[in-house]
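To keep things clear, I will list the structure first and then write my remarks on it.
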Protein chains: 2
Amino acid sequence: MPKGETPTDPRDPPQTVEAFRNRLMALNGQLPRRLQQCADHVATHMDHIALSTVAQVAQGAGVPPSAVMRFCQEMGFSGYAEMQRLFREALSRAAPDYATRLANLKAGGAGQPATLVAEFVEAGRQSMEALARDLDESALNQAVETLSQARTIHLAGFRRSFPVASYLAYVFDKLGVPAVLHDGVAGLGHRSTLQQGDALLAITFAPYSEETLSLAAHARKTGVPVVALTDPAASQVSGLADTLLTVTEIDFGAFRSLSAVIALALSLAVAVAARRET
Amino acid sequence: MPKGETPTDPRDPPQTVEAFRNRLMALNGQLPRRLQQCADHVATHMDHIALSTVAQVAQGAGVPPSAVMRFCQEMGFSGYAEMQRLFREALSRAAPDYATRLANLKAGGAGQPATLVAEFVEAGRQSMEALARDLDESALNQAVETLSQARTIHLAGFRRSFPVASYLAYVFDKLGVPAVLHDGVAGLGHRSTLQQGDALLAITFAPYSEETLSLAAHARKTGVPVVALTDPAASQVSGLADTLLTVTEIDFGAFRSLSAVIALALSLAVAVAARRET
DNA sequence: AGGAAAATGGAATATCCGTTCCATCGTTCA
DNA sequence: TGAACGATGGAACGGATATTCCATTTTCCT
């Protein structure tokens, strides 16, 4: 760097985690070996930075501390401390007083309704996190593929799954996607409407409702592809489905907040609608 | 403390945030002035501890650092470092790599189904936080009171609110609470079943469905108390309800994940069932 | 193959922070 | 009122951690 030009050093540091991520991707592939190791490790454990020391990050990446130091400067920071500040601020903004508030609600006393809210909120949040963590992207893509090619989508979900199925019916209707909700209103199913070229979306969780299982079995026999939205341990269902989408819903007491299931179901619906329009 | 008894010092430190909070409450009121200042500040800014230094906490509480030090020991820790460890561990368990994973999903590309999941999860999480933050406890208690005294609970919710209403019907049934779901199956309501001594739980969000509003109006005229579960800006509803429970549901695109509404509705149902049994 | 430039690892250094200690002040009880 | 005990604040200490520097190795280009 002979002239006043120092192309790597005096950049302004990323101000947001988003910007950090972008620069990380931009640098990817054009870094020396050790620096690349740092980049890789940081990319996959970005949330560790806020609470780790240089030595810990270095050990995690399998490099000496000085390499981490160079990496920070390569990213535009003056050093590790400045980089860490970014993540600490992001972390404290993420959980402002929400955790405190939750705890206060819980502390109100076991009998208080507000305590129940706190518990259900907590269960819902955990379910969401589990969904984001464990989502099987290829299964999801396959489900979208299958459903978007169907002439009509059949929705099956009873008992605790019925709210999800009925919401999907509403959403599909809004989106202009032909869908039938198998609600069993008159005591019999819409079984005869299952035809070649359709697809079945079966939503069921343990204990699996008999109606849903038999409908899925019937669909398979008819040659209608079955997408199942269920919990991970669904051994009874796996044999009946072409595509298996699993969600772990944390429950509180005997009841589930359904938040993760609905989030996944909604995504599926919107993706299918988008896919059909192209 | 003449004998071997030292009742305040060599206690085992709290192992969980919960235990910490308990000891804090137990100590409240029986601490010297400066220590009490520390306790107050810590109680209201518990989430700051994980990322702050002694000096920062001390400044926040308006005391010298040594006072904070004594406070930590009074709480049973060897010092500030040990106390901070508790909160750091809680924090890192709270956000494992969930944030990273979400970002990765989002980064997949705008058209990807997985991106949608990330968006809906994010919307759901925000809704949950908003619920915990803004919950009106007294309104909730009043709603529980009203519904638990009802002979029969009538559930009204159409269109996007129908899944919530139908889930409540399921839950109430499980809990042995008499509840009627107004589903309008045969093209007419169950209006005539609304009787003195019953209560109506009306679930509706903008744009408010005509059926729900007119049912609520009818209930009022009949002398049946109305509990409304709706969004904060519900001016049309406020005149029709005796108790107003509001939820802010963040939406993504045109659709809502319903997670906060369901969490609140579930809490209401369980609290009502518990109340009736006593 | 040889030399220059870049990269690397580890040791030395400087900074920050937690912790302790002690002198002073206030309070309480005899 | 005075003595004793607890509380308080600040300064000094010690440990840990970020940061820098330099000798050595590796890589790349001629």
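In the text below, chain A, chain B and the rest are named by the order of the sequence lines, each starting its count at 1.
Applying the side chain to side chain donor-acceptor pair (under 3.5 Å) test to every pair with at least one member in residues 139-148 of chain B, sequence neighbours left out, gives these pairs: B:Gln142-B:Thr243, B:Glu145-B:Gln149, B:Glu145-B:Arg275. Each salt bridge (Lys or Arg N to Asp or Glu O under 4.0 Å) pair with one or both residues in residues 255-274 of chain B, not counting sequence neighbours, appears once here: B:Asp251-B:Arg256. Listed by first and then second residue, the salt bridge (Lys or Arg N to Asp or Glu O under 4.0 Å) pairs involving residues 263-272 of chain A amount to none (not counting sequence neighbours).
Put simply, CE on B:Met83 is 10 Å from P on C:dT19, counting in whole angstrom units. Look at CE on B:Met69: it is 17 Å from P on D:dG10, rounded to the nearest Å. Atoms CZ (A:Arg70) and P (D:dT19) sit 14 Å apart, rounded to a whole Å. Across the protein-nucleic acid pair, A:Leu35 atom CG and C:dA6 atom C1' stand 11 Å apart, rounded to whole Å. A straight line from CZ of A:Phe77 to C1' of D:dT20 spans 19 Å, rounded to a whole angstrom. Here C:dA7 presents its P atom at 13 Å from CD of A:Gln36, a figure rounded to the nearest Å. Straight-line distance from the CZ atom of A:Arg88 to the P atom of D:dT17: 12 Å, rounded to whole Å. For the pair B:Leu31 CG and D:dG6 P, the interatomic distance rounds to 15 Å; values are reported in whole Å.
The distance from the CG atom of B:Leu244 to the CG atom of B:Asp231 is 9.5 Å, given to the nearest 0.5 Å.
Scanning for ring-ring contact (aromatic ring centres under 6.0 Å, His included) contacts around B:Phe120 gives B:Phe252, with sequence neighbours left out. Applying the side chain to side chain donor-acceptor pair (under 3.5 Å) test to B:Arg34 and every residue at least two apart in sequence or in another chain returns B:Gln37. The ring-ring contact (aromatic ring centres under 6.0 Å, His included) search around A:Phe255 returns none, not counting sequence neighbours. Checked against ring-ring contact (aromatic ring centres under 6.0 Å, His included), B:Phe71 has no partners two or more places apart in sequence or in another chain. Residues satisfying the side chain to side chain contact (heavy atoms under 4.5 Å, CB included) criterion with A:Gln36, sequence neighbours excluded, are A:Asn28, A:Leu31, A:Ala39, A:Asp40.
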Could you run down the sub-3.5 Å N/O contacts of the protein with nucleotides 25-30 of chain D?
none

Atom pairs under 3.5 Å: protein N/O with N/O of nucleotides 3-5 of chain D:
none

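A:Arg85 has no carboxylate O lying under 4.0 Å from a charged side-chain N of A:Glu82, or vice versa, which leaves the two without a salt bridge.
Between A:Gln84 and D:dA18, a side-chain N or O to OP1/OP2 separation shorter than 4.0 Å is absent. Side-chain nitrogen and oxygen atoms of A:Gln73 include at least one within less than 4.0 Å of the OP1 or OP2 phosphate oxygen of D:dT20.
Relative to the side chain of B:Thr53, the nucleotides D:dT8, C:dG18, D:dA18 differ in distance, and C:dG18 lies closest. Looking at the side chain of B:Tyr80, the nearest of the listed nucleotides D:dT8, C:dT8, C:dT19 is C:dT19.
Side-chain atoms of A:Ser127 come within 3.5 Å of backbone N or O of A:Ile250 as a donor-acceptor pair.
Within residues 60-68 of chain B, the residues that place at least one heavy atom under 4.0 Å from DNA chain D are, in residue-number order, B:Pro64, B:Ser66.
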Just distance, no hydrogens or angles: give the donor-acceptor pairs under 3.5 Å from side chains in residues 49-68 of chain A, sequence neighbours left out.
residue : atom : partner : partner atom : Å
A:Ser52 : OG   : A:His48 : O            : 2.9
A:Thr53 : OG1  : A:Ala55 : N            : 3.4
A:Thr53 : OG1  : A:Gln56 : N            : 3.2
A:Thr53 : OG1  : A:Gln56 : OE1          : 3.4
A:Gln56 : OE1  : A:Thr53 : N            : 2.8

